[in-house]
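Step one of this worksheet: look at the structure below.
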Number of protein chains: 2
Amino acid sequence: MSEHNHIPLHSLKVSCSSCSLRELCLPVGLNREEMSQLDTVIRQSRRLKRGEYLFHSGESFKSLFAVRTGFFKTCVASQDGREQVTGFQMSGELMGLDGISTGNHSCDAIALEDSEVCELPFGRMETLSRDIPSLQHHFYRLMSREIVRDQNVMLLLGNMKAEERIAAFLLNLSQRLSTRGFAANDFILRMSREEIGSFLGLKLETVSRTLSKFQQQGWIAVDHKHIQLVKVDDLKNLISGCSHANGH
Amino acid sequence: MSEHNHIPLHSLKVSCSSCSLRELCLPVGLNREEMSQLDTVIRQSRRLKRGEYLFHSGESFKSLFAVRTGFFKTCVASQDGREQVTGFQMSGELMGLDGISTGNHSCDAIALEDSEVCELPFGRMETLSRDIPSLQHHFYRLMSREIVRDQNVMLLLGNMKAEERIAAFLLNLSQRLSTRGFAANDFILRMSREEIGSFLGLKLETVSRTLSKFQQQGWIAVDHKHIQLVKVDDLKNLISGCSHANGH
DNA sequence: ACTCAGTATTGATAAGGGTCAACCTTTACC
DNA sequence: GGTAAAGGTTGACCCTTATCAATACTGAGT
């Protein structure tokens, strides 16, 4: 936590050492002292291997986690084994907001590839956010954004057909990847067909068939987990009308 | 805003004059001064007639609203007219949290019967919550609870069959009504079959048929909007396994 | 390089729920 | 109080997606 002093504020974005969190999740507009206060709170990052749980449903909630690198899914499970994936998280995105409510996590968070997260002890963030208004505001906005995202998923699950869901899903991924500087139209899926299906309320066979269909129509190219979007406009046409439906 | 001085703290619950909000939504544990600070922020309530919009999607976000009396739905609409009801709100429940994210409401809120709400100007609540830690904490918890509720709706929409959805819906309503001191097994639906369907991702005909089916089985009695739950355990059996699925 | 388990594709068939339509009931409004 | 509009029920039929099944591919680990 040293170099801040030598670096102009506006470039902190790219030069913070400990954690990419601040670039991606936290508000600009903090002064140096506030930044260093934040530094004392954010714990060093934790590494997880593919398949590892970041937290389990029911576990006591202590911290939020921000993805530094890698890819996660969050899911709620019913007693009889059915599971609903409630979201996929990539770098800069936050997990654990559901735990604040009861003090226990209400979902599982699982790494879909080797990943790294920043831990944000919530109690200390809460305290700190009292002293730093813009931080408090930012947290309210983050939680609200999650609510909006969830509402859009409801719209997707409640109103859209399989093809529309898949198209919305691909376009949403594409948009989030390009925000992070990755190619928008050429990417690797980090999740299985079954996990996509669980998120979208479809069976894995339907996901597979729909991807094949899109490929036959020349809209996308599918090579297992490697996806290329060829005709983005056609995909967008499919969901125009049911729009709003882009989470995150 | 007068009688607080004469009334012991623990009974504020029942005796606040201006607004039932504090009883239902806000944390206990405020002292008298904090309570009176809150009083200066909470605006007098607003009355709405059935069918009236409390706010529209896209409208600038200024305030949260808590239902005092009556019943609301919130919904997001797609361009082509499809609408997804994202929730039904009854007394004590909050609307508008989605607006914090962008500064604009992302859904419509519509009164399903003549209703009364408290307005909570968000900017002032935010400021106040800096000075009153328990208020800040309470807001975080409220927002988190909304996230958990939405996740459970996703589970419902993504995994459950029509009968399970309807059963979960009825049981959820029942539970929330009984929390408020109303009969748990005998109530009037405030929403149409179509609105139920929109919330549950079903068509109105399916809602109607499923209610008829439950009635034939002797599990419930249906007289238009008047519903009686006769065999609650059978309804619960239907959704055991997919449980978790009770919002709010 | 081989194997086994997990993952994906594709086809055939079935079921659940959507769609269309007719009819009935209630509510709201003139 | 009568009439129109909205809401609700029920039936027949069809479409989308789930289910079941066979096969193929991939990749991690030996």
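Residue numbers start from 1 in every chain, and the chains themselves are labelled A, B, ... in the order their sequence lines are given, proteins ahead of strands.
Partners of A:H56 under the ring-ring contact (aromatic ring centres under 6.0 Å, His included) rule, at least two apart in sequence or in another chain, are A:Y53. Applying the side chain to side chain donor-acceptor pair (under 3.5 Å) criterion to A:E163, with sequence neighbours excluded, gives A:K213. In this view, A:E205 satisfies the side chain to side chain donor-acceptor pair (under 3.5 Å) rule with no residue, not counting sequence neighbours. Residues forming a ring-ring contact (aromatic ring centres under 6.0 Å, His included) with B:F182 (at least two apart in sequence, or on another chain): none. A search for side chain to side chain donor-acceptor pair (under 3.5 Å) contacts involving B:T179 returns B:Q175, not counting sequence neighbours. For the ring-ring contact (aromatic ring centres under 6.0 Å, His included) test, residues two or more places apart in sequence or in another chain that qualify with A:F199 are A:F88. Legend: residues meeting ring-ring contact (aromatic ring centres under 6.0 Å, His included) with B:F122, ordered by chain and number and at least two apart, are A:Y140, B:F61.
For DNA chain C, the span of nucleotides reached by chain A at under 4.0 Å from its heavy atoms goes, 5' to 3', from C:dA8 to C:dA12.
Annotation: proximity of residues 201-208 of chain A to DNA chain C (heavy atom, distance under 4.0 Å) is found for A:L204, A:E205, A:S208, numbered in ascending order.
Rounded to 10 degrees, the angle separating the terminal helix axes of the helix from C:dA1-D:dT30 to C:dC30-D:dG1, each built from five base pairs, is 50°.
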Expected rows: protein N/O vs nucleotides 24-27 of chain D N/O, under 3.5 Å:
{"unit_1": "D:dT26", "atom_1": "OP1", "unit_2": "A:H224", "atom_2": "NE2", "d": "3.3"}

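Contacts classified as side chain to side chain donor-acceptor pair (under 3.5 Å) and involving residues 185-201 of chain B (residues at least two apart or in different chains) are given here: B:K73-B:E195, B:E113-B:R190, B:D186-B:H226, B:D186-B:Q228, B:S192-B:E195.
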